[in-house]
Amino acid sequence: MRTITIFYSLKGETIAPGYKIEVLEKGHTANVAETISAVSGSESYEIRTIKEYNRDHIKMIYEAKEEIDAGILPDLVDDLPYIDDFDLIFLGYPNWWNTLPTPVSSFLSRYDWKGKRIAPFCTSMASGFGKSLDTLSKATEGAEMLEGLHIKSTDIPSARGLVESWVRRLMR
């Protein structure tokens with residue numbers, strides 16, 4: 001079975017425990033994606049946008065809200081030309097306003113998902129998957145949606161065991 005870990009993650013400011021601002025050089029979702037790739041032996045692909053989102057967290061979340069409300073799909077740096085090579089796709093993203101980030105929606109709109117198995121993973125401070133799984137199912141019509149994994153952003157440093165067992169269970 002050929003696997004790949006595809007993810008979208010933001011660097012910059014985020015809300016840390018105690019509602020303090022923390023600056024990330026690597027986003028939460030990227031950290032989880034690294035663990036998934038290591039455990040699954042999969043290659044990794046980061047969804048990247050041409051535009052840069054504001055590194056100020058408060059400004060960024062309102063920028064994201066405007067895109068979601070307007071249905072804007074941002075331009076991406078590149079495509080993944082060999083998506084057909086993979087059977088199992090670990091797909092990770094942060095929860096934006098209770099749904100998929102617009103860069104992930106932009107990425108999903110470029111491919112045919114029929115026959116693929118998708119294992120979603122999501123990071124957020126408190127909102128879990130929200131409505132993102134419904135949006136993801138619609139955007140990947142024809143794919144088999146597997147058990148997802150949500151990790152609270154503050155739990156990521158201690159979640160390696162949880163991530164490892166989830167990956168191993170899905171790869172059986």
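Residue indices begin at 1 and follow the sequence shown. Source: prediction; values computed, not measured.
Under the side-chain contact (heavy atoms from CB on, under 4.5 Å) criterion, Thr99 pairs with Ile68, Thr135, not counting sequence neighbours.
The hydrophobic clustering, which links ILVMFWY residues whose side-chain heavy atoms are closer than 4.5 Å, places Leu170 and Val32 together. Phe129 is connected to Ile61 through a chain of hydrophobic side-chain contacts under 4.5 Å among Ile, Leu, Val, Met, Phe, Trp and Tyr, so both are in one cluster. Both Leu146 and Trp166 belong to a single network of hydrophobic side chains, linked directly or stepwise wherever heavy atoms of I, L, V, M, F, W or Y lie under 4.5 Å apart. Under the 4.5 Å side-chain heavy-atom criterion for Ile, Leu, Val, Met, Phe, Trp and Tyr, Ile89 and Ile47 are members of the same hydrophobic cluster. Linking ILVMFWY residues whenever their side-chain heavy atoms come closer than 4.5 Å, directly or via other members, leaves Ile156 and Tyr8 in distinct clusters.
With a 4.5 Å cut-off on side-chain heavy atoms, Tyr93 and Ser105 do not count as touching. Side chains of Leu149 and Leu162 form a contact here, defined as non-hydrogen atoms less than 4.5 Å apart. Side chains of Lys51 and Asp75 form no contact here, defined as non-hydrogen atoms less than 4.5 Å apart. No side-chain heavy atom of Asn95 sits less than 4.5 Å from a side-chain heavy atom of His150.
Counting heavy atoms of neighbouring residues, nucleotides and ligands inside a 6.0 Å radius, atom CD of Glu147 exceeds 12 of them. Around CD of Glu43, the count of heavy atoms belonging to other residues, nucleotides or ligands within 6.0 Å exceeds 12.
The aromatic rings of Trp113 and Phe107 are tilted relative to each other, their planes meeting at an angle between 30° and 60°.
Here the straight-line distance linking atom CD of Glu141 with atom CG of Asp112 works out to 9.5 Å at 0.5 Å rounding. The distance from atom CD of Glu164 to atom OG1 of Thr35, rounded to the nearest 0.5 Å, is 7.0 Å. For the atom pair OG1 (Thr3) and CG (Asp85), the distance works out to 12.0 Å, reported to the nearest 0.5 Å. In this structure, CG in Leu24 is found 9.0 Å from CZ in Arg55, a value given to the nearest 0.5 Å. To the nearest 0.5 Å, atoms CZ (Phe90) and CZ (Arg117) are separated by 8.5 Å. In this structure, NZ on Lys138 lies 10.0 Å from NZ on Lys131, to the nearest 0.5 angstrom.
Counting only distance, with no hydrogens or angles, the side chain of Lys116 and the backbone of Ile83 share a donor-acceptor pair below 3.5 Å. Remark: side-chain polar atoms of Ser137 are paired, donor with acceptor, to backbone N or O of Leu133 under 3.5 angstrom. Judged purely by atom type and a 3.5 angstrom limit, Trp97 has no side-chain atom pairing as donor or acceptor with the backbone of Glu66. Counting only distance, with no hydrogens or angles, the side chain of Ser37 and the backbone of Glu34 share no donor-acceptor pair below 3.5 Å. The closest donor-acceptor contact from the side chain of Asp79 to the backbone of Pro81 lies at 3.5 Å or more, if one exists at all.
When all heavy atoms of Ala159 and Ile151 are compared, the pair lying nearest together is CB-CG2, 4.0 Å. Shortest non-hydrogen contact noted between Pro94 and Thr29 is N-OG1, 3.5 Å. Shown here for Ser124 and Gly128, the closest heavy-atom pair between the two residues is OG-N, 3.1 Å. Taking every heavy atom of both residues into account, Ser40 and Met171 meet most closely at CB-SD, 3.4 Å. Residue Pro74 comes nearest to Tyr53 through the heavy atom pair CG-OH, 3.5 Å, listed as atom of the first residue, atom of the second, then distance. Listed here is the closest heavy atom pair of Met60 and Asn54: CB-O, 3.2 Å.
Ion pairing between Asp78 and Arg48 holds under the 4.0 Å rule for side-chain N and carboxylate O. Classification of Glu63 and Lys59 as a salt-bridged pair fails, no side-chain N sitting under 4.0 Å from a carboxylate O.
Inspection of the Ser153 and Thr123 side chains reveals no N or O donor paired with an N or O acceptor under 3.5 Å.
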Worksheet entry | CA sep, side-chain torsions, deciding dist, call: Tyr45, Phe86, ring pair (Phe, Tyr, Trp, His ring centres under 6.0 Å) | CA-CA 12 Å; Tyr45 175 81; Phe86 301 101; 9.8 Å; no
Practice prompt. Evaluate the side chain to side chain contact (heavy atoms under 4.5 Å, CB included) criterion for residues Arg168 and Val39: first the C-alpha distance (whole Å), next the side-chain angles of each, then the deciding distance (0.1 Å), finally the verdict.
Written response: CA-CA 8 Å; Arg168 288 189 181 107; Val39 173; 4.2 Å; yes
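Just one of Ile118, Leu91, Ile6, Leu73 meets the side-chain contact (heavy atoms from CB on, under 4.5 Å) condition when paired with Leu108; it is Leu91.
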